[in-house]
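Inspection log for the structure reproduced underneath, given as structure tokens.
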There are 2 protein chains.
Amino acid sequence: MTSSAQAEARRPRRPSGGPESLLDKAVLEFNARGYDATSMEDLSRAAGITKSSFYHHFAGKEALLRAALERALDGLFSALDDPPGVEPAVGPSERLRRIVTRQVRVLMDDLPYVTLLLRVRGNTPTERWALQRRKAYDAEIAALVRAAVDAGEIRAGVDPALAARLLSGLVNSVSEWYRPGRRGTASLPEDVARAIFAGVLPAADPA
Amino acid sequence: MTSSAQAEARRPRRPSGGPESLLDKAVLEFNARGYDATSMEDLSRAAGITKSSFYHHFAGKEALLRAALERALDGLFSALDDPPGVEPAVGPSERLRRIVTRQVRVLMDDLPYVTLLLRVRGNTPTERWALQRRKAYDAEIAALVRAAVDAGEIRAGVDPALAARLLSGLVNSVSEWYRPGRRGTASLPEDVARAIFAGVLPAADPA
DNA sequence: GTCTATAATCAGATAGAC
DNA sequence: GTCTATCTGATTATAGAC
């Protein structure tokens with residue numbers, strides 16, 4: 001008997017597996033059908049308990065959303081800073097490259113949570129709160145892009161505001177198709193950073 | 001009195017302005033709140049008629065969605081071909097550049113329709129039909145990217161499947177922020193094409 | 001082509017037993 | 001911590017008068 005099977009047997013009265021597991025399952029459902037199209041009935045069925053039992057763990061549908069978006073935003077913001085012990089980047093361009101790399105990594109690690117965040121429309125106070133925090137994050141990226149252009153590290157003629165939007169768009173679009181374990185995505189964070197600075201389809205060097 | 005004001009006066013019994021106008025207004029509502037979160041009540045209020053009157057023009061909510069997605073998909077596919085009278089592109093790379101440029105233009109012209117399409121999740125038969133057609137479109141793009149790589153026009157080492165996904169992601173991300181009349185977007189189609197082939201943040205030429 | 005009124009269903013949420 | 005039963009309100013859609 002494996003230890004996980006033992007653990008299973010030790011808690012037969014808790015098929016839901018605790019709030020974290022419930023949140024994980026709920027986020028998957030939200031992403032599969034969209035937040036608004038997902039009912040509490042759907043969530044409880046996916047968790048293997050009844051609707052009423054679900055309300056014992058979360059105050060309601062929006063509380064679930066809030067918890068999920070909080071996790072996604074915390075992950076995103078963590079990509080802004082170098083891990084402790086790493087020497088600081090020499091210029092804004094290099095700092096951006098590191099942030100893009102880390103942001104893609106966060107996106108891959110917390111895919112369902114970040115995906116949910118990126119689809120928020122602003123229908124409820126919780127959603128508007130998330131949109132505001134996202135906006136603050138995007139502003140940090142835009143400021144760095146401006147700094148890189150001002151420092152002369154980027155080719156003349158590039159509009160910083162436009163470049164910042166395209167950068168975020170390219171990075172975030174990974175959530176539309178990436179799935180864990182997908183072939184050819186081992187170096188995805190670096191590949192996306194390369195696409196940002198050299199192009200998605202860079203011209204071949206003349207032979 | 002302007003001619004549009006005359007037309008207004010000539011049809012006082014038709015405040016809805018016909019099915020096309022209804023569809024326009026409905027798509028705006030869908031995008032503002034999300035398709036599922038938008039009720040028929042919301043739609044009829046935005047159109048200035050009652051819910052019942054709305055049902056006189058469209059069979060239901062899904063019929064509206066179908067009509068809107070059809071228009072978006074027709075626009076997208078129209079970007080695949082050169083307009084009549086234009087000489088064909090010399091290679092796959094140049095053909096891709098033209099398609100990207102035209103696709104961004106379609107996105108800008110039919111922004112609400114394309115936005116709606118890009119947010120479809122697959123909850124209903126209509127949505128799954130739209131997803132299938134989108135998939136077919138993406139496959140055409142992916143085939144062209146492969147051809148460009150095989151022709152040696154793209155720098156060695158670029159994975160065609162990944163590049164195709166990033167290309168579509170970058171192009172489609174424009175729908176997340178573009179609004180008609182926005183400053184600095186006059187040359188957006190060309191700017192996006194340049195970002196694809198040279199990078200969002202191309203390094204400055206060494207002085 | 002528009003309206004009022006209403007049917008039928010389903011949603012989020014709660015009460016209270018075990 | 002889970003359940004059955006239920007409340008309340010919103011939603012899609014229709015009937016039928018004008």
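A note on names: the letters A, B, ... follow the listed sequences, proteins ahead of strands, and every chain is numbered from 1. On a predicted model such as this, the values are computed, not experimentally measured, just so you know. Just so it is clear, the values below take in all heavy atoms, side chains as well, and ignore hydrogens, waters and symmetry mates.
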Phosphate contact (D:dG1 OP1 or OP2) by A:Ser53 side-chain N/O below 4.0 Å:
no
Please classify the nucleic acid contact of B:Lys61 as base, sugar-phosphate, or nothing, using heavy-atom distances under 4.0 Å.
sugar-phosphate
Just jot down the salt bridge (Lys or Arg N to Asp or Glu O under 4.0 Å) partners of B:Asp81, sequence neighbours excluded, or say none.
none
Integer-rounded Å distance: C:dT4 P and B:Phe54 CZ:
17 Å
Residues 101-131 of chain A vs ring-ring contact (aromatic ring centres under 6.0 Å, His included), sequence neighbours excluded, gives none
Pull out every residue in residues 31-44 of chain A that has a heavy atom closer than 4.0 Å to any atom of DNA chain D, ordered by number, or say none.
none
Please state how far atom CG in A:Leu64 lies from atom C1' in C:dA13, giving the value in whole angstrom units.
13 Å
Side chains of A:Leu23 and A:Glu20: does their closest heavy-atom pair fall under 4.5 Å?
no
Under the rule for side chain to side chain contact (heavy atoms under 4.5 Å, CB included), what residues qualify as partners of B:Ser175, not counting sequence neighbours?
B:Leu107, B:Leu111, B:Thr115, B:Leu118
Distance-only polar pair, side chains of A:Asp42 and A:Ser39, donor-acceptor under 3.5 Å:
yes
Got a sec, which pairs hit salt bridge (charged side-chain N to carboxylate O under 4.0 Å, His left out) with one end in residues 121-142 of chain B, sequence neighbours left out?
B:Asp74-B:Arg133
Whole-Å distance, B:Tyr55 OH to C:dC3 P, equals 15 Å
Residues at least two apart in sequence or cross-chain that pass side chain to side chain contact (heavy atoms under 4.5 Å, CB included) with B:Leu76, listed by chain then number, are B:Gln103, B:Leu117, B:Tyr137
Inter- and intrachain pairs under salt bridge (charged side-chain N to carboxylate O under 4.0 Å, His left out), touching residues 54-68 of chain A, at least two apart
A:Arg66-A:Glu70
So, does A:His56 get its side chain near the phosphate of D:dG1, meaning an N or O under 4.0 Å from OP1 or OP2?
yes
Between the opening five pairs and the closing five pairs of the helix from C:dG1-D:dC18 to C:dC18-D:dG1, how far apart are the helix axes, to 10°?
0°
All pairs passing salt bridge (charged side-chain N to carboxylate O under 4.0 Å, His left out) where residues 87-114 of chain A contributes a residue, at least two apart:
A:Arg71-A:Asp110, A:Asp82-A:Arg98, A:Asp82-A:Arg102, A:Glu94-A:Arg97, A:Glu94-A:Arg98, A:Arg105-A:Glu190
What residues form a side chain to side chain donor-acceptor pair (under 3.5 Å) with B:Ser52, not counting sequence neighbours?
none
For nucleotides 16-18 of chain D, list the nitrogen or oxygen atoms of the protein found under 3.5 Å from its nitrogen or oxygen atoms, one pair per line.
none

For A:His57 and D:dT2, is the shortest distance between a side-chain N/O and OP1 or OP2 below 4.0 Å?
yes
Pairs in or reaching into residues 176-188 of chain A: which pass side-chain hydrogen bond (donor to acceptor under 3.5 Å, both in side chains), with residues at least two apart or in two chains?
A:Ser187-A:Asp191
Of the nucleotides C:dC3, C:dG12, D:dT2, which has the atom closest to the B:Ile49 side chain?
C:dC3
